[in-house]
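Working notes, beginning with the structure itself.
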There are 2 protein chains.
Amino acid sequence: MDSNGTRNGPPRTSLADYVLEVLRERLATGVLQPGDHLAEPELAEDLQVSRGPVREALLTLQAEGQIEIRRHRGAFVSVLTSDDVEEVHTLREAIEVLAAERAATRLTAEHIARFDDILEAMKVTSGSVQPQEAVRLDLSFHDVIYEAADHLRLARVWQSIRSQVSFFLYTRNVNFPDFPTVGFPEHKELRDALCSGDPLRARQATADHLSGAYTRLSQLDLPPRT
Amino acid sequence: MDSNGTRNGPPRTSLADYVLEVLRERLATGVLQPGDHLAEPELAEDLQVSRGPVREALLTLQAEGQIEIRRHRGAFVSVLTSDDVEEVHTLREAIEVLAAERAATRLTAEHIARFDDILEAMKVTSGSVQPQEAVRLDLSFHDVIYEAADHLRLARVWQSIRSQVSFFLYTRNVNFPDFPTVGFPEHKELRDALCSGDPLRARQATADHLSGAYTRLSQLDLPPRT
DNA sequence: CATCTGCAAACTGTCAACAGTCTGAAGTCA
DNA sequence: TGACTTCAGACTGTTGACAGTTTGCAGATG
């Protein structure tokens, strides 16, 4: 929650990073909803910093596409339409297939151990797990793939759509109560493909995994359009 | 060159956007070299604005990975290693193949006309063209693909690596004097594949086009490593 | 001559204040 | 009653100033 200590004395990290961290947390947990208005003075007062660092954090989030800044109107949490669902999915498939291909030949024992830890947690919690926790495990699994891919720019793109993917996964879990049972086997198969060391198999498995998730999600017309 | 007029009176675009535009131009044309230090007061004096907008522009460039900001040390133009060449290429292939696939079924007559205008310019200037102008035409061609793809997030990723691609293209052109002759036929074929309306053919043509450019570039060990 | 210490200049991180712009509501008129 | 105008409030874009940190050089010391 507080990576810097208690915010006394000289901060080890810049205040802008602190604000950014708080806002990322609020976006991922749903405290901030799409369409919400982010007023600089309000945030500054809330976090006990001046408007400068707040502006910097907002700029970074805009570059990632998580918020939109309109001139003289302020920052708004991006509203996700059905077109956005498609954009995020297609972009994710494009980059994650590449990440998997690279990870297949770069996996270390430590990465595999992390896979297995997450899979174990998925297996154990099957049947009785909250949607939010399932999302956390799911994303953690894919984080490991990007880490193993050892590709800075790829990781940056993933970071920029990660919280939006989180939002979609959460929506899916809430609407498809079978989520605790499908998570484990799907990721287990993905793990095996990655560990096989065969880049093409890893690509294919990732494509299958993601298209499955997308078809489930696109069935419900919950996300508003344009 | 100056999208706002002459910078008098109220700017139609924000000053931060103006600074960003100037810096992008300087990065793409090589006025700013990798490793160069960007001092805020100096830039502010140079562009006749205060440090605020300069900081905002630097923040955006950092989010795109074009510069690195080190605490209390300032901003430095990213140094591109051979690993970076590979990263940029693999990421570009991943997203541009998707862009081409989408563009194939979304091309309008206006897009095709733009393709043909650029191709005409490539053909006419064959034999006597400066490396810099060849790069400009090349990038313009691919800009149209991303525009036709109608995918905001894809366009954003492209924007984030565009000036780095520009740098690589320029390096290639300087070292391979045959660049005026290969540009036209390669892009002509790409145009035909896109206009065929066949997504798979567009994908394949794009992959071929990019891998050709990469193999040429990776032959020279000019970019420093680590 | 080499190494260490101390200082000064420059720069970054942060803050408070000013001016211009947009929004929404109160007030006016047909 | 309904639509248009006006105005006050709030917020953003921008600026200039202050404090802390880093760097590089000059001088002292072995």
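Note on naming: letters A, B, ... go to the chains in the order of the sequence lines (proteins, then strands), and numbering restarts at 1 for each one.
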Polar-atom pairs under 3.5 Å, protein N or O versus N or O of nucleotides 9-13 of chain D: list them with distances, or write none.
residue : atom : partner : partner atom : Å
dT12(D) : OP2  : E40(A)  : N            : 3.3
dT12(D) : O3'  : H72(A)  : N            : 3.4
dG13(D) : OP2  : R55(A)  : NH1          : 2.8
dG13(D) : OP2  : R55(A)  : NH2          : 3.1
dG13(D) : N7   : R51(A)  : NH2          : 3.0
dG13(D) : O6   : R51(A)  : NH1          : 3.0

Between CG of L20(A) and P of dG13(C) the distance, given in whole Å, is 15 Å
Residue pairs passing the ring-ring contact (aromatic ring centres under 6.0 Å, His included) test with at least one member in residues 59-80 of chain A, sequence neighbours excluded, are H37(A)-F76(A)
With sequence neighbours left out, the residues meeting side-chain contact (heavy atoms from CB on, under 4.5 Å) with Y170(B) are P131(B), Q132(B), V135(B), V174(B)
Salt bridge (Lys or Arg N to Asp or Glu O under 4.0 Å) pairs touching residues 26-38 of chain A, sequence neighbours excluded, are R26(A)-D46(A)
Contacts of D150(A) meeting salt bridge (charged side-chain N to carboxylate O under 4.0 Å, His left out) (sequence neighbours excluded), chain-then-number -> none
Between CD of Q48(A) and P of dA16(C) the distance, given in whole Å, is 10 Å
To the nearest angstrom, the OH-C1' distance between Y18(A) and dT14(C) comes to 15 Å
For E93(A), the side-chain contact (heavy atoms from CB on, under 4.5 Å) test, sequence neighbours excluded, returns H89(A), V97(A), A207(A), L210(A)
